[in-house]
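Counting starts at 1 for both ligands and their atoms, following the listed order.
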Amino acid sequence: MIQSKLPNVGTTIFTVMSKLAAEYKAINLGQGFPGFPMDVKLGELVEKYIRKGFNQYAPMQGVAELRNVLSQKIERLYGHRYDPDAEITITAGGTQAIFTAITALVHEDDEVILFAPAYDCYAPAIELNGGKPVWVNLSYPEYKINWNDVRRLVNHKTKMIIINSPHNPSGTSMSADDMRELEKIVSGSNIFVLSDEVYEHIVFDSGQHQSVARFPFLAKQSFTVFSFGKTFHNTGWKMGYICGPAEMMVEFRKVHQFNVFSCNTPVQYALAEYMEDASKYLSLPEFYEAKRNCFLENIRESTFHVVPSSGTYFQLLGYSGLSDEKDTDVAIRLTREYGIASIPCSVFYPGNNDEKVLRFCFAKEDAELRRAGEILSSVRW
Ligand code: GLN
C-alpha cells in the first residue's frame, strides 16, 4: 500500500478535457496551447545549433548568451537589471521554476498565501514541501484582491505570497496599485513573493504589464517566473526562466541542479539569437488582441455573460443566467453535445466554488475561433 503524498490529486483537468475533446472530435479550447505553428525561423535556428554541435550539457544556470539577452529585455521593459550571472536561471518551463522556487524556500509548517482561482501547480508544490496553502478567494467577474484580507492572514508563519498576472484562468490583470499594496505588505518582512508572469507579453487594450521588476522594493524579495512557450508558441519545448535577487537565486540553484541540472542546449542558443529581434515578443499584444476580438465578435449573439479578457489567451464565459448545472457537467456536455471543449473554473478553487464560469483558450486559428463562436452562439439551454 503506497502512502500517497498527494492523496487528493488526480489527473489534471487539462489532460482530462483534452482527452474528452479528442474522443468527441471537439474543438479544443480547454487546455491552453497555441493551435497554430511557431515561427519557422526559430526551428531553423535550433537545427543550426544542433548541426554546429551544441548538443552537450548547458551550464547549470543556463547558456550565458540567453541570460544576457533576457537581462537586457527585462531592463528595457521593466527598468530593473537582473545580473545575468547571479540572478537569472533557465528552467524546463514555468512549472519547474515554480516547483523549484517553492522547494527552495518553503519549510515544514510554513504558510503560503495564494489566490483562488489559482493555476493548479502551486498548491501541490507547497504541500509536497510540508507547507500550508492559505487561500484568499476572489470572485467572478472582477477577481479583485482585497488587500486587507491578505493583511489579516499574514502572521509569523507566512513564508511566501504567490501572485499571477496576467491571471490564468480569469484573464484579469493586477494594477500598479495592487502591486504597491503588495509591496507595502512584504516590505520589511521576511515574506517572499513568487510572481508567475508567464503571460507577461499577452496584455490587451494598451494595458501595461505590472511586473514585480517594476517595483524595486518588491523585486528585492521576489522570484519572477517567465515562459518562452507562451511567448513563442512552443509550449511543448517546456522552456522558461526565473529571476530573483542573488541570495534567493543561490538557494534556487541548489535545488535546480539536483532537479533538472540544466536545460536543452541548442534550444537555448536558438532562443538567444531569435530574441535579438525584440519585435518577436513586442508584437504579441496586438497578435493576441486580434484573436480575442475575433472570438468575442463571433460570440456576440450568444447568451453567455462576457467580460473581455485583459490578458492571457483565455476568455471566461459565464452561464449563471442560463443554467443551474455544475460547471464541470456543463463543460462535459458542451464537449459531447456541441463539440467545444473548455475548462470549468471551479477546478481552480480549493473548495471547487462553482460560479458557473467556463474558461476558453483563444490561442487558435481564426477559422477555428469563428467556428467555435458560431457553435457557442447556437447554444440554448
Ligand atoms: N497552462 C495550460 C493551461 O492553463 C495547461 C498546461 C498543462 O496542461 N499543464 O491550460
- request: Please work out which of the three classes, parallel, tilted or perpendicular, describes the rings of Phe295 and Phe360, given edges at 30° and 60°.
  value: tilted
message: Asp178: which residues meet the salt bridge (Lys or Arg N to Asp or Glu O under 4.0 Å) condition with it, sequence neighbours left out?
response: Lys144
- prompt: Would you say the side-chain atoms of Gln96 and Thr100 include a donor-acceptor pair closer than 3.5 Å?
  reply: yes
- line: So the ring-ring contact (aromatic ring centres under 6.0 Å, His included) pairs with at least one residue in residues 81-103 (sequence neighbours excluded) are His80-Tyr82
- prompt: Out of Tyr281, Phe287, Phe33, which residue meets the ring-ring contact (aromatic ring centres under 6.0 Å, His included) rule with His233?
  reply: Phe287
Quick one: table the atom pairs, ligand 1 N or O against protein N or O, below 3.5 Å, distance rounded to 0.1 Å.
residue	atom	partner	partner atom	Å
ligand 1	1 (N)	Tyr119	OH	3.3
ligand 1	4 (O)	Asn168	ND2	2.8
ligand 1	4 (O)	Arg359	NH1	3.0
ligand 1	8 (O)	Gln31	NE2	2.7
ligand 1	9 (N)	Tyr119	OH	3.4
ligand 1	10 (O)	Gly32	N	2.7
ligand 1	10 (O)	Arg359	NH2	2.6

statement: So the salt bridge (charged side-chain N to carboxylate O under 4.0 Å, His left out) pairs with at least one residue in residues 371-381 (sequence neighbours excluded) are none
